[in-house]
Amino acid sequence: MGRSKHGMMSEGLKTEIAKELGFYHKVQRDGWGGISSKDAGNMVKRALELAEQRLNK
């Protein structure tokens, strides 16, 4: 019952959210490992908001 080694979010969704939240330049420069834990948390929070919106349609 392990998670895939690629995580739960698609690359496209992560990119979309990083651009929306304004830290995609860090991803381009340093990769996903270069973002702060705060940015990562905000990205997860936004992904959950989007998922909830899609479920409520």
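Basis for what follows: all heavy atoms, side chains included, without hydrogens, waters or symmetry-related copies.
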> With I35, which of N42, L21, V27, D30 fulfils side chain to side chain contact (heavy atoms under 4.5 Å, CB included)?
V27
> For K26, give me all partners under side-chain hydrogen bond (donor to acceptor under 3.5 Å, both in side chains), at least two apart in sequence or on another chain.
D39
> Before you tell me yes or no, could you show the steps for F23 and Q28 under side chain to side chain contact (heavy atoms under 4.5 Å, CB included), namely the whole-Å CA-CA distance, both residues' side-chain angles and the distance that decides it to 0.1 Å?
CA-CA 9 Å; F23 61 84; Q28 289 179 305; over 6 Å; no
> State which residues pass side-chain contact (heavy atoms from CB on, under 4.5 Å) with A47; sequence neighbours excluded, sorted by chain then number.
M9, I17
> Apply side-chain hydrogen bond (donor to acceptor under 3.5 Å, both in side chains) to Q53 and list each qualifying residue two or more places apart in sequence or on a separate chain.
none
> Would you compute the distance between atom CE of M43 and atom OG of S36 and round it to the nearest 0.5 angstrom?
10.0 Å
> Taking the side chain as C-beta and beyond, is there a heavy-atom pair between E16 and Y24 under 4.5 Å?
no
> Please list all pairs passing the salt bridge (charged side-chain N to carboxylate O under 4.0 Å, His left out) test where one or both residues lie in residues 48-57, with sequence neighbours left out.
R46-E49
